[in-house]
Amino acid sequence: MNWWQAIIIGFIQGISEFLPISSTALMLIAQRLLDVPIGKKFKLSFETFLHIASVFAVIVYFRHDLCKILQDFITYIRTKNNKAQTNYRFVLLLIISTIVTIIVGKMIESILGNQITNSATIGASLIITGLSLILIEHGLNGGTRIQSTLNWKDGIIIGIGQALSLIPGISRTGSTLFTALCLGLSKGTALRYSFLLSIPVFIGMTVLKLPDLIKSQTEITFFSLSIAFISSFIFALIGIKWFISMLQNTKLTYFAFYCIGLGIFTWRLI
């Protein structure tokens, strides 16, 4: 992988991470079209590594919110202050969702094996993502449940929805949003949960993939890896700001048609 390929891969990963269009699928498709020399065993590890750049972008963007959540979490542990209980429970739910995501994600990888990154799987998953976005737009009404009403069952179910996005083509934002709306959460609560859940989930997945990442060092230079990481961070930060600003004015149907079209193209032509 040369420097310009690294920039393109980082751009695709970062800018699409928080849009409901599956950054994983786009990155794998780009790798094939650009003929980026990444070994089969390294693909998911490399993708997971770049997700950490996106996590840094979430931390930077939501730094004030995260400081408040962590402050309340520590405060409740020390003083049992009722005002801090909501954010304390929120952290516990994120932990539950993370554990469920990792466990279910490993099960999915074991079941699908090498089939998880083939063209048929990616294409079918993109089509499923597109159909789910149409349902969100035209079938599911935004609920009224807010953060204080979340419970452990919500954490488990949303964790399962998040785990499905480990299949290339299943949008993380789309699957988490769809799951949360089915549970009756408001769109704002669902999006906030989705953004913040990405932090522990991808840190956990990176730790699990670290051995593969280390073993595969010969397949990609440290320089290219660093360029891709920096590119992913910058464009993920741009992507977060872009998505939040246009959320109220952009219809998910446009993303749905895009996913379905790309899915058919990937399934039949790549």
Side-chain angles (χ1 to χ4, degrees), residues 17-20 48 51-107 132 136 140-166 170-208 236-237 239-241 243-245 247-248:
E17 176 61 40
F18 301 104
L19 298 178
T48 303
H51 276 305
I52 292 298
S54 299
V55 167
F56 284 156
V58 174
I59 292 174
V60 169
Y61 190 87
F62 290 96
R63 59 190 181 279
H64 300 301
D65 197 13
L66 284 170
C67 286
K68 175 61 176 174
I69 291 173
L70 293 176
Q71 181 181 359
D72 285 351
F73 180 76
I74 295 173
T75 298
Y76 186 80
I77 291 176
R78 291 178 174 176
T79 66
K80 303 299 181 183
N81 188 321
N82 289 332
K83 293 182 178 179
Q85 186 176 21
T86 297
N87 278 333
Y88 170 79
R89 292 179 65 253
F90 187 70
V91 173
L92 294 182
L93 290 174
L94 289 177
I95 293 173
I96 290 174
S97 293
T98 301
I99 294 173
V100 171
T101 297
I102 293 175
I103 293 174
V104 176
K106 294 299 290 183
M107 291 173 59
S132 68
I136 291 174
L140 290 174
N141 295 320
T144 59
R145 296 180 59 200
I146 57 176
Q147 179 180 316
S148 60
T149 67
L150 292 170
N151 56 53
W152 63 271
K153 292 182 180 178
D154 298 322
I156 291 175
I157 296 173
I158 293 175
I160 294 173
Q162 170 85 48
L164 294 176
S165 68
L166 295 178
I170 300 294
S171 162
R172 188 187 66 81
T173 303
S175 62
T176 308
L177 183 60
F178 181 82
T179 304
L181 291 178
C182 286
L183 293 172
L185 273 63
S186 67
K187 184 179 292 185
T189 301
L191 284 172
R192 183 170 180 267
Y193 199 98
S194 175
F195 276 126
L196 297 182
L197 179 58
S198 67
I199 298 174
V201 164
F202 287 118
I203 290 176
M205 293 305 295
T206 298
V207 171
L208 292 177
L237 193 58
I240 294 173
K241 294 181 179 181
F243 181 67
I244 291 177
S245 65
L247 181 62
Q248 301 302 324

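Distance CG/Leu150 to CG/Leu94: 9.0 Å, rounded to 0.5 Å. One finds the CG atom of Leu191 at 11.0 Å from the CG atom of Leu196 (value rounded to the nearest 0.5 Å). Summarising the geometry, atom CD1 belonging to Ile59 is positioned 12.0 Å from atom CG belonging to Leu237; distances are rounded to the nearest 0.5 Å.
Residue Phe56 places its CZ atom among 12 or fewer non-hydrogen atoms of other residues, nucleotides or ligands, all under 6.0 Å distant.
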Next on the checklist: Under the criterion side-chain contact (heavy atoms from CB on, under 4.5 Å), I'd like the reasoning laid out for Ile52 against Ile203: C-alpha separation, chi angles, the key distance, then a yes or no.
Outcome noted: CA-CA 7 Å; Ile52 292 298; Ile203 290 176; 4.1 Å; yes
Item to check | Gln162/Val104 under side-chain contact (heavy atoms from CB on, under 4.5 Å): CA gap, chis, key distance, verdict | outcome: CA-CA 9 Å; Gln162 170 85 48; Val104 176; over 6 Å; no
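Residues that satisfy the side-chain contact (heavy atoms from CB on, under 4.5 Å) test with Ser175, not counting sequence neighbours, are Ser165, Ile170. For Arg89, there are no salt bridge (charged side-chain N to carboxylate O under 4.0 Å, His left out) partners, not counting sequence neighbours. Remark: Ala53 pairs with Phe229, Ser232, Phe233 by the side-chain contact (heavy atoms from CB on, under 4.5 Å) rule, at least two apart or across chains. Remark: Thr149 engages Arg145, Ile146 in a side-chain contact (heavy atoms from CB on, under 4.5 Å) (not counting sequence neighbours). The side chain to side chain donor-acceptor pair (under 3.5 Å) search around Ser194 returns Arg172, not counting sequence neighbours. Every residue two or more places apart in sequence or in another chain that forms a side-chain contact (heavy atoms from CB on, under 4.5 Å) with Ile99 is listed here: Ile95, Ile103. Residues passing the ring-ring contact (aromatic ring centres under 6.0 Å, His included) test with Phe73 are Tyr88, sequence neighbours excluded.
Of all the heavy atoms in Leu181 and Leu185, the pair that sits closest is CD2-O, 3.4 Å. Closest approach of Ala190 to Leu177, counting heavy atoms only: CB-CD1, 3.7 Å. Pairing each heavy atom of Val100 with each of Ile156, the nearest pair is CG1-O, 3.5 Å. Leu166 and Gly105 make their closest contact through CD1-CA, 3.4 Å (heavy atoms, listed as atom of the first residue, atom of the second, distance). A pairwise comparison of heavy atoms in Ala180 and Ile158 identifies CB-CD1, 4.4 Å as the closest pair.
Side-chain contact check for Ile240 versus Glu17: every heavy-atom pair is 4.5 Å or farther apart. Contact of the Asp154 side chain with the Leu93 side chain is not registered, since no non-hydrogen atoms from C-beta on lie closer than 4.5 Å. Using a 4.5 Å heavy-atom cutoff, the side chains of Phe18 and Val58 are in contact. In this structure the side chain of Thr179 reaches within 4.5 angstrom of the side chain of Ile157, judged on heavy atoms.
The salt bridge (charged side-chain N to carboxylate O under 4.0 Å, His left out) analysis of residues 78-87, with sequence neighbours excluded, yields no pairs. Pairs passing the side chain to side chain donor-acceptor pair (under 3.5 Å) check and including a residue from residues 90-106, sequence neighbours excluded, read Ser97-Tyr193. Here salt bridge (charged side-chain N to carboxylate O under 4.0 Å, His left out) pairs that include residues 52-75, with residues two or more places apart or in two chains, are Asp65-Arg192, Lys68-Asp72.
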